[in-house]
Amino acid sequence: MDATMLEQEKRQWAMFLHLSTLAGYVVPIVGLVAPILIWQLKKDQLPGLDAHGKVVANWVISSLIYLLFFGVLSIVLIGLPFLFLLLALGLIYPIIGAVKANDGEVWSYPLSLTIFR
């Protein structure tokens, strides 16, 4: 496979990797498992995909932490607006990440904790 085709395939899989988190809005556990599976299965075949996988994994873990924190805060109603914000960011960030990945750029999600470097 030539370099151009390899780059195009990497961009395509990186885009799928970012968008796979949106599957969690249809089937909750799939949004957590699918990005990790894509990352782990394709990172050795496609150089550069590892960076996208780390960005997405950081966001998935960060959003779970935020969900728990804001869920507890929602008991006293303070967390409800933040839960809605987290829902919106969970839709917006993967789309932006997918568009940037398709352009060949690695985009780190704002507010994402850096767990994987």
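Side-chain atoms are counted along with the backbone in the values below, which use heavy atoms only and exclude waters and symmetry mates.
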*May I have the step-by-step check of side-chain contact (heavy atoms from CB on, under 4.5 Å) for Val55 and Phe116, ending in yes or no?*
CA-CA 8 Å; Val55 165; Phe116 299 103; over 6 Å; no
*asked:* Membership question, hydrophobic clusters at under 4.5 Å side-chain separation (ILVMFWY): are Val72 and Phe84 in the same one?
replied: no
*4.5 Å side-chain heavy-atom contact, Ile36 and Gln40*: yes
*Please check if the side chain of Asn58 supplies one atom and the backbone of Ile115 the other of a donor-acceptor pair under 3.5 Å.*
yes
*Intermediate values then yes/no, side-chain contact (heavy atoms from CB on, under 4.5 Å), Leu22 and Ile95*: CA-CA 9 Å; Leu22 298 177; Ile95 293 170; 4.1 Å; yes
*For Phe82, does the CZ atom sit with more than 12 other heavy atoms under 6.0 Å from it, leaving out its own atoms?*
no
*Can you measure from OG (Ser112) to OH (Tyr93) and round to the nearest 0.5 angstrom?*
9.0 Å
*Please check if the distance between the ring centroids of Tyr109 and His18 is under 6.0 Å.*
yes
*asked:* Using ring-ring contact (aromatic ring centres under 6.0 Å, His included), reason through Trp39 and Phe16 one step at a time and then give a plain yes or no.
replied: CA-CA 10 Å; Trp39 175 33; Phe16 292 152; over 10 Å; no
*Exceeds 12 heavy-atom contacts within 6.0 angstrom, atom CD1 of Ile29*: no
_For a 4.5 angstrom cut-off between non-hydrogen side-chain atoms, does Val26 reach Val30?_
no
*asked:* Do Val99 and Ile96 have side chains that approach each other closer than 4.5 Å (heavy atoms only, starting at C-beta)?
replied: no
*CZ (Phe69) with more than 12 external heavy atoms under 6.0 Å*: no
_Walk me through whether Lys100 and Val106 qualify under side-chain contact (heavy atoms from CB on, under 4.5 Å)._
CA-CA 7 Å; Lys100 300 246 184 208; Val106 177; over 6 Å; no
*asked:* Let me check something: do Trp59 and Leu68 share a hydrophobic cluster, defined by ILVMFWY side-chain heavy atoms less than 4.5 Å apart, either directly or through other members?
replied: no
*Would you check if Leu113 and Tyr66 make a side-chain contact, meaning some heavy-atom pair closer than 4.5 Å?*
yes
_Side chain proximity check, Ser63 to Leu86, heavy atoms < 4.5 angstrom_ = yes
_Any heavy-atom pair between the side chains of Ile78 and Phe70 that's under 4.5 Å?_
no
_Nearest-0.5 Å distance, CZ of residue Arg11 to CG of residue Asn102_ = 7.5 Å
*Looking only at heavy atoms, which two atoms of Gly71 and Leu83 are closest? And how far apart?*
N-CD2, 4.1 Å
*asked:* I need the minimum non-hydrogen distance between Ala14 and Ala101, along with the two atoms involved.
replied: CB-CB, 3.7 Å
*Can you check whether Arg117's main-chain N or O pairs, donor with acceptor, with Lys54's side chain at less than 3.5 Å?*
yes
_Derivation and outcome, side-chain contact (heavy atoms from CB on, under 4.5 Å), residues Leu64 and Leu32_ = CA-CA 10 Å; Leu64 286 174; Leu32 301 173; 4.0 Å; yes
*Answer yes if Leu41 and Ile38 sit in the same cluster of Ile, Leu, Val, Met, Phe, Trp and Tyr residues linked by side chain heavy atoms under 4.5 Å apart, and no otherwise.*
no
